[in-house]
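Working notes for the structure below.
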Amino acid sequence: MDADVAGAVGRELRALLADRLAGCHELDAVFAHDIAERVAGFTRRGGRRIRPRLMWWSLRACGGGNPAQVRATLGAAAALELVQTCALVQDDLMDRAPSRRGTPSLHTDVADQYAAATSQAAAHALGTSAAVLAGDLALVWADDALAGLLLDAGLPHDSARRLNGAWRALRTELAAGQYLDVQGQATSVRTVTHSIRAACLKSARYTVERPLELGAVLAGADPATTGTLCRAGRRAGLAFQLRDDLDDLFADPEVTGKPSGGDVREGKPTYPLAVARALATAAGDRYVLGLLERTVGRAGLTESELVEVREVITATGARELVEAKITRLTRQCLRELSTAALEPGAAARLCALLTEITGASGPLPEPSRPPAAVPAAARTEAGR
């Protein structure tokens, strides 16, 4: 696991999904082909497996890693990846995104499959419905995987209780954040406060904080250590989302796997756009405000207009301020972790991973002191 977390999670998913697909084929061949196989294929292809990697190195940093904990972590990792499938499939639908990871998004793929057999409107409606059901199925499979852990007699009662609480919070926070995202988009609420709140709920907690919490819980870490990991994870998670917001505008689509400027075209209430608008308002810059008003939320935005948006995001100083905030949040995260009693080697790996996902630039300070080793008594407790 230490050598290849993503590979181990991939093997776990292949076994789990093979079992789920067999059951779906017994139910109905059309459903299995159109929905279940697409969910399984999307999940197997995966992305960077960020959430399982964070959960694993949190567990290791808290002194965990015995065979029972490894099995439980693999099961929880598979559940996390299925929740991610649910989130991305339905996010693509809400954003009307034509592609994901360089291939057609699920709703587009289903609509294309039936384009020759029915009207364009009917094929589009079918693709929409299929994406909703595919997201639901992925979430069902995720809950099934987690329920298997909670019912496992080998999992300590307190760990099972805390695991269930973190899982319940993760799913609700994800739904709340996604709603704030689309609600802000629909109502043109694009304030800095709203953008940060949506980013916190939609990504910071779900992508970083809760996976770190799950790893700590599965390791048997005490509440104080778990709380420190959560606080650090929330800061890194927010930085991760701000980096994603910048990447949507400035990164190469070949790298991100999705078209550039999607957030602008959809009118997403992202932090860089909110900061640029706030700076332009403070400066009384009518040109920038007018440009943002004309371009943000226009599906037919041209490439030249998108270039103008990039230019004003940079010219107002918004890009620089967002980069500085990402670096500041990453520093705060690392300082927070330096206060916890963690296994030094694993803690270093965890810090490196957190820095990687935030893409923080510039020198990051060394922790004020090396992470303390986990006391022997705590290791014994973690191994139970």
### Query
Passes side-chain contact (heavy atoms from CB on, under 4.5 Å), R294 versus L291? Steps please.
CA-CA 5 Å; R294 291 193 310 272; L291 176 69; 3.4 Å; yes
### Query
Mind checking whether D91 and K202 have side chains closer than 4.5 Å, heavy atoms only?
yes
### Task
Examine distances only and state if a side-chain atom of S58 and a backbone atom of L54 form a donor-acceptor pair shorter than 3.5 Å.
no
### Task
Answer yes or no: does atom CZ of F31 have more than 12 heavy-atom neighbours from other residues, nucleotides or ligands under 6.0 Å?
yes
### Message
Does L353 form a side-chain contact (heavy atoms from CB on, under 4.5 Å) with R349? I'd like the steps, not just the answer.
### Response
CA-CA 6 Å; L353 178 55; R349 294 286 294 270; over 6 Å; no
### Message
Quick one: does any side-chain atom of R53 pair with a main-chain N or O of R48 as donor and acceptor, under 3.5 Å?
### Response
yes
#### Entry: Euclidean distance, L150 CG relative to H157 NE2, rounded to 0.5 Å
11.0 Å
### Summary
Here the gap from E343 atom CD to W57 atom CH2, rounded to the nearest 0.5 Å, amounts to 11.5 Å
### Query
So, E81 side chain and A78 main chain: donor-acceptor pair closer than 3.5 Å or not?
no
#### Entry: Short N-O contact, E305 and R298, less than 4.0 angstrom
yes
### Message
Return the OH to OG1 distance between Y271 and T193, rounded to the nearest 0.5 Å.
### Response
9.5 Å
### Query
If you draw a 6.0 Å radius around CD in E356, do more than 12 non-hydrogen atoms from other residues or ligands fall strictly inside?
yes
### Query
Short question: side chain of S99, backbone of P104 - any donor-acceptor pair under 3.5 Å?
no
### Message
Tell me whether L306 shares a hydrophobic cluster with V296, the cluster being built from Ile, Leu, Val, Met, Phe, Trp, Tyr side chains joined at under 4.5 Å.
### Response
yes
### Task
Would you check if E173 and R210 make a side-chain contact, meaning some heavy-atom pair closer than 4.5 Å?
yes
### Task
With the side chain counted from C-beta on, respond yes when T314 and F250 share a heavy-atom pair under 4.5 Å apart, and no when they do not.
yes
### Message
Closer than 4.0 angstrom, basic N to acidic O: yes or no for R71 and D152?
### Response
no
### Summary
Nearest heavy-atom contact between L214 and M55 is CB-SD, 3.6 Å
### Query
Say you draw a straight line from CG of L13 to OG1 of T85; how long is it, rounded to the nearest 0.5 Å?
8.0 Å
### Query
Passes side-chain contact (heavy atoms from CB on, under 4.5 Å), E209 versus R231? Steps please.
CA-CA 7 Å; E209 179 183 347; R231 288 189 297 274; over 6 Å; no
### Task
Considering non-hydrogen atoms only, spot the tightest contact between A236 and L354 and give its length.
CB-CD2, 3.8 Å
### Task
Evaluate the salt bridge (Lys or Arg N to Asp or Glu O under 4.0 Å) criterion for residues R310 and E303: first the C-alpha distance (whole Å), next the side-chain angles of each, then the deciding distance (0.1 Å), finally the verdict.
CA-CA 11 Å; R310 292 191 188 104; E303 185 58 35; 3.4 Å; yes
### Query
Are F42 and L93 co-members of a hydrophobic cluster defined by side-chain heavy atoms under 4.5 Å apart?
no
### Message
What's the separation between atom CG in L301 and atom CD in E308, rounded to the nearest 0.5 Å?
### Response
9.0 Å
### Task
Could you tell me which non-hydrogen atom of R205 sits nearest to which non-hydrogen atom of P211, and how far apart they are?
O-CD, 3.9 Å
## Note on the structure
Heavy atoms of T228 and A340 approach each other most closely as CG2-CB, 3.8 Å
#### Entry: Intermediate values then yes/no, side-chain hydrogen bond (donor to acceptor under 3.5 Å, both in side chains), Q84 and Y206
CA-CA 9 Å; Q84 174 70 347; Y206 154 67; 2.4 Å; yes
### Residue pairs fulfilling salt bridge (Lys or Arg N to Asp or Glu O under 4.0 Å) with at least one residue in residues 262-290, sequence neighbours excluded
D95-K268, R96-E266, D181-K268
### T225 side-chain N/O to A221 backbone N/O, donor-acceptor pair under 3.5 Å
no
### Query
With side chains defined as the heavy atoms from C-beta onward, is the minimum distance between M1 and L74 less than 4.5 Å?
yes
### Message
Whether the side chain of T43 engages the backbone of V39 through a donor-acceptor N/O pair (distance < 3.5 Å, no angle test) should be reported.
### Response
yes
### Query
Any link between L133 and L137 through a network of hydrophobic side chains (Ile, Leu, Val, Met, Phe, Trp, Tyr) touching at under 4.5 Å?
no
### Query
Counting N and O atoms only, with roles assigned by atom type, does the side chain of R234 sit under 3.5 Å from a partner on the main chain of L238, one being a donor and the other an acceptor?
no
### Message
As an exercise, state the distance from CG of L350 to CG of L229, rounded to the nearest 0.5 Å.
### Response
7.0 Å
### Task
Please report the shortest heavy-atom distance between V9 and P52, naming the atom on each side.
CG2-CB, 3.8 Å
#### Entry: Any side-chain heavy-atom pair of R38 and D109 under 4.5 Å
yes
### Message
Apply the hydrophobic cluster definition, ILVMFWY joined by side-chain contacts under 4.5 Å directly or through others, and give me every member besides Y114.
### Response
V30, V89, L106, V110, L126
### Heavy-atom check, side chain of T316 versus side chain of L321, under 4.5 Å
no
### Summary
Taking every heavy atom of P272 against every heavy atom of D245, the minimum-distance pair comes out as CD-CB, 3.5 Å
### Query
Should we say atom NE2 of H124 is surrounded by more than 12 heavy atoms from elsewhere, each under 6.0 Å from it?
no
### Query
Taking it one step at a time, do W141 and L16 satisfy side-chain contact (heavy atoms from CB on, under 4.5 Å)?
CA-CA 9 Å; W141 287 353; L16 172 65; 5.9 Å; no
### Query
Under the 3.5 angstrom rule, does the side chain of T172 hit a backbone N or O of A169 as a donor-acceptor pair?
no
### Message
Check whether T358 reaches the backbone of T330 with its side chain - one donor and one acceptor, N or O, closer than 3.5 Å.
### Response
no
### Query
Can D2 and W56 be counted as having a side-chain donor-acceptor contact under 3.5 angstrom?
yes
### Query
Mind checking whether L88 and I35 sit in one hydrophobic cluster, side chains of I, L, V, M, F, W, Y counted as touching below 4.5 Å?
no
### Query
Can a salt bridge be assigned to the pair R243 and E323 using a cut-off of 4.0 Å between side-chain N and carboxylate O?
yes
### Query
Backbone N or O of A123 within a donor-acceptor pair of the T118 side chain at under 3.5 Å?
no
### Any side-chain heavy-atom pair of V83 and W167 under 4.5 Å
yes
### Query
With a 4.5 Å limit on heavy-atom distance, are the side chains of L82 and L139 in contact?
no
### Query
CD of E320: more than 12 outside heavy atoms within 6.0 angstrom?
no
